[in-house]
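Excluded from the calculations below are hydrogen atoms, water molecules and symmetry mates; all remaining heavy atoms, backbone and side chain alike, are included. Only a predicted model underlies this, so the values are computations on that prediction, with no experimental measurement involved. To find a chain, count down the sequence lines: A is the first, B the second, and so on, and within it residues start at 1.
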2 protein chains.
Amino acid sequence: MKSKLIRLASLPEGMPREANFNIDFEELPAMKTGEVLLKTLYISVDPYLRAKMAGGHKPPLITGDVMYSRAVAEVIDSARPDFKPGDKVLGFLEWRDYLLYDGEGLTLINNNRLPLSSYLGILGSTGLSAYFALTDIGQPKPGETLVVSGAAGAVGSIAGQIGKLMGCRVIGIAGSNEKVEWMRSKLGFDGGINYKTSPDIGTALANLCPDGTDVYFDNVGGIISDAVISTMNDYGRVVVCGSIASYNDTAPETGVRLLPLVVYKKLLIRGFLIADYKACFNEGIHQLQQWLTAGRLHYAETIMDGFDKLPEAFIGLFEGKNEGKMIVRL
Amino acid sequence: MKSKLIRLASLPEGMPREANFNIDFEELPAMKTGEVLLKTLYISVDPYLRAKMAGGHKPPLITGDVMYSRAVAEVIDSARPDFKPGDKVLGFLEWRDYLLYDGEGLTLINNNRLPLSSYLGILGSTGLSAYFALTDIGQPKPGETLVVSGAAGAVGSIAGQIGKLMGCRVIGIAGSNEKVEWMRSKLGFDGGINYKTSPDIGTALANLCPDGTDVYFDNVGGIISDAVISTMNDYGRVVVCGSIASYNDTAPETGVRLLPLVVYKKLLIRGFLIADYKACFNEGIHQLQQWLTAGRLHYAETIMDGFDKLPEAFIGLFEGKNEGKMIVRL
């Protein structure tokens with residue numbers, strides 16, 4: 001049986017391009033005891049994969065590696081007692097249409113009420129990142145002001161809604177008027193800023209956050225973060241969940257120095273890694289499911305169809321082509 | 001009775017100069033009930049006072065204000081039951097040789113075994129800042145590497161020694177070979193860097209910290225901090241206790257962006273304010289006294305004589321003229 005796969009053909013310099021990837025084929029060997037044969041259904045593309053190509057996120061992705069990320073697959077054949085044909089499973093899988101897998105870290109999806117793609121988004125590391133990063137590092141209190149960058153993205157759109165559920169005033173920053181309108185009308189944010197058409201983000205923030213910013217949920221870094229952090233109140237918390245503005249940098253970028261602000265305002269700035277919260281995943285999933293069932297949490301997906309679209313979908317993350325979670329359906 | 005005092009004559013632009021201060025005289029009114037008449041003995045000069053002049057440290061110092069800071073004084077006359085002539089007291093006092101004071105926040109010094117000046121340093125906010133900032137934010141563990149900037153300064157020299165007491169490898173960064181030698185031979189640091197003669201602090205750090213940096217105790221900010229933070233290990237902690245390199249800036253300075261490092265390395269960066277630890281001061285003083293009595297903690301003072309030397313002593317902080325705590329003795 002043939003397996004179609006995507007490799008990293010070369011390390012991107014700056015913005016990733018389609019030429020950095022190539023499609024290849026391999027003949028799969030016979031299935032061994034302990035393995036399952038999987039047919040991939042949905043593959044998640046995420047900004048952190050770019051950081052892996054820069055070596056900033058470990059382990060790094062190097063030239064020649066088969067790309068991998070979270071995916072949902074169907075068991076086609078099984079030489080394991082814990083999985084049977086027809087089972088839907090979630091795992092960190094190589095970008096392949098069919099693959100043999102040893103089952104390590106594979107989770108059985110046994111809830112039929114939610115669409116399969118939700119396990120890559122709202123109930124996957126996207127929703128869990130938003131939940132744990134905001135509650136554990138950000139510690140928002142009712143009446144405080146939360147600013148979210150990349151607010152129409154997968155994690156940001158959930159983080160902002162959780163901020164609303166916790167009683168905060170929530171302002172989102174995103175890259176189009178449509179996204180800003182979506183955050184306000186669908187997600188219930190109190191306001192939004194289109195950074196592409198706001199010449200002075202600082203002034204826009206000052207207008208929308210008259211009491212300053214208490215929690216900043218940062219997915220982007222760069223000049224947007226410079227502007228937000230300068231509006232922080234004393235004892236403000238900066239949750240650094242991503243830094244997409246810097247992932248394509250070819251050399252360390254410079255910006256406004258943060259340390260004087262950190263000491264003047266007694267700020268907390270902390271980097272977040274979802275893997276550190278593994279022990280609490282069930283608690284997080286339970287809370288997210290509760291909000292979903294009660295209709296208090298909305299999530300968006302941008303789904304592109306076709307295995308070959310994976311590079312385009314991934315590159316699209318850096319062009320702001322997604323509203324919510326970007327997923328490729330095979 | 002006449003009171004000699006020092007006012008802020010103008011806000012410094014950049015580095016403070018003697019011309020930013022002026023000496024004045026006032027006739028003191030008659031002492032009222034609830035007041036004490038104090039003769040000042042020792043006055044502390046500290047970098048944070050410069051931040052007050054820039055408005056970064058609240059409340060700000062503005063033109064015309066009488067300067068104030070921590071000081072030790074003797075009670076000359078008292079209209080309060082809790083203080084009697086001859087008592088030595090500690091408080092936040094205006095820069096005056098004699099003054100009337102309502103007693104608010106005044107602490108009686110009732111330990112004769114330690115020199116009076118130690119209450120402005122090792123047993124005052126200097127020692128307490130080093131202790132609480134390092135232990136609460138830095139959370140050093142035995143075997144970890146601690147790097148201290150401004151390491152020959154009042155707070156830094158204590159923080160480094162506490163790091164040694166807690167089992168860390170300690171590297172200090174300071175501005176002269178004499179200071180580096182003092183940190184190694186007297187304070188027991190494992191190594192030191194003279195940043196003025198090290199063209200590449202990053203390489204110097206790499207040599208002295210072969211296992212990377214786990215805790216960075218930062219008093220200075222600027223390019224020194226850029227270099228140290230780039231050597232941090234995953235889950236490293238940056239204790240921002242001061243940012244003296246930036247206090248004299250006239251406009252926000254730029255430097256290497258930190259947020260990508262924060263997310264790649266899951267760093268914690270947190271600003272420290274000693275006032276937040278008031279409830280634990282007794283615990284801290286007890287621990288510091290224990291180490292002092294056991295001869296396990298050494299402290300240095302640079303004492304300048306004469307009330308009129310206050311501006312010169314203060315300016316000297318930014319020229320690295322002090323080893324340990326800078327104090328003016330009247």
Side-chain angles (χ1 to χ4, degrees), chain A residues 47-48 50-52 54-58 60 133 137 149 216 218-226 228-230 232 234-249 251-276, chain B residues 47-48 50-52 54-58 60 133 137 149 216 218-226 228-230 232 234-249 251-276:
Chain A
Y48 78 86
R50 177 65 184 86
K52 280 188 175 290
H57 192 288
K58 309 263 174 349
I137 301 179
S149 65
Y216 174 39
D218 184 21
N219 293 296
V220 305
I223 55 165
I224 291 174
S225 293
D226 291 347
V228 180
I229 294 175
S230 72
M232 301 285 303
D234 283 5
Y235 303 101
R237 288 82 72 197
V238 179
V239 186
V240 192
C241 196
S243 215
I244 196 168
S246 301
Y247 292 165
N248 292 319
D249 290 345
E253 208 196 341
T254 58
V256 175
R257 283 202 185 281
L258 296 182
L259 296 178
L261 284 176
V262 168
V263 69
Y264 290 160
K265 298 183 171 189
K266 289 78 72 180
L267 301 181
L268 166 76
I269 301 178
R270 187 162 199 170
F272 173 81
L273 183 72
I274 185 63
D276 294 336
Chain B
Y48 78 85
R50 177 65 185 87
K52 279 188 175 291
H57 192 289
K58 309 262 175 349
I137 302 179
S149 66
Y216 174 39
D218 184 22
N219 294 296
V220 307
I223 56 166
I224 292 174
S225 293
D226 292 346
V228 179
I229 294 174
S230 71
M232 301 287 302
D234 283 6
Y235 303 101
R237 287 83 71 198
V238 179
V239 186
V240 191
C241 196
S243 216
I244 197 169
S246 300
Y247 292 166
N248 293 319
D249 290 346
E253 208 196 343
T254 58
V256 175
R257 282 202 187 281
L258 296 182
L259 296 178
L261 284 176
V262 168
V263 69
Y264 290 160
K265 298 184 171 188
K266 289 78 72 182
L267 301 182
L268 166 75
I269 301 179
R270 187 162 198 170
F272 173 81
L273 183 72
I274 184 62
D276 293 336

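- With chain B as the partner, the residue from A:Ile137, A:Asp226, A:Ile244 showing the most heavy-atom pairs under 4.5 Å is A:Asp226.
- Closest heavy-atom contact between B:Val263 and A:Val240: CG2-O, 3.6 Å.
- Residue with the most contacts toward chain B among A:Pro260, A:Ser243, A:Gly242, A:Gly255: A:Gly255 (heavy-atom pairs, distance under 4.5 Å).
- For the atom pair NZ (A:Lys58) and NZ (B:Lys265), the distance works out to 7.5 Å, reported to the nearest 0.5 Å.
- Proximity of A:Asp276 to B:Tyr235: side-chain heavy atoms (C-beta onward) are separated by under 4.5 Å at one or more points.
- For chain A, the nearby part of B:Leu258 is the side chain; its heavy atoms alone come within less than 4.5 Å.
- Only the side chain of B:Ile229 comes within contact range of chain A, with heavy atoms under 4.5 Å apart.
- Looking at B:Asp234, neither its backbone nor its side chain comes within 4.5 Å of chain A, counting heavy atoms on both sides.
- Here the NZ-CZ distance, from B:Lys266 to A:Phe272, works out to 11.5 Å after rounding to the nearest 0.5 Å.
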Check against side chain to side chain contact (heavy atoms under 4.5 Å, CB included), B:Asp218 and A:Leu259: CA-CA 9 Å; B:Asp218 184 22; A:Leu259 296 178; 3.4 Å; yes

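- A 4.5 Å side-chain heavy-atom check between B:Leu268 and A:Ile269 finds every atom pair outside the cut-off.
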Residues B:Arg257, A:Ile223; criterion side chain to side chain contact (heavy atoms under 4.5 Å, CB included); working and verdict: CA-CA 10 Å; B:Arg257 282 202 187 281; A:Ile223 55 165; 3.7 Å; yes

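- Within the 4.5 Å cutoff, the side chain of B:Glu253 has no heavy atoms near those of the A:Thr254 side chain.
- Of the listed residues B:Gly222, B:Cys241, B:Ser225, the one with more heavy-atom pairs under 4.5 angstrom with chain A than any other is B:Gly222.
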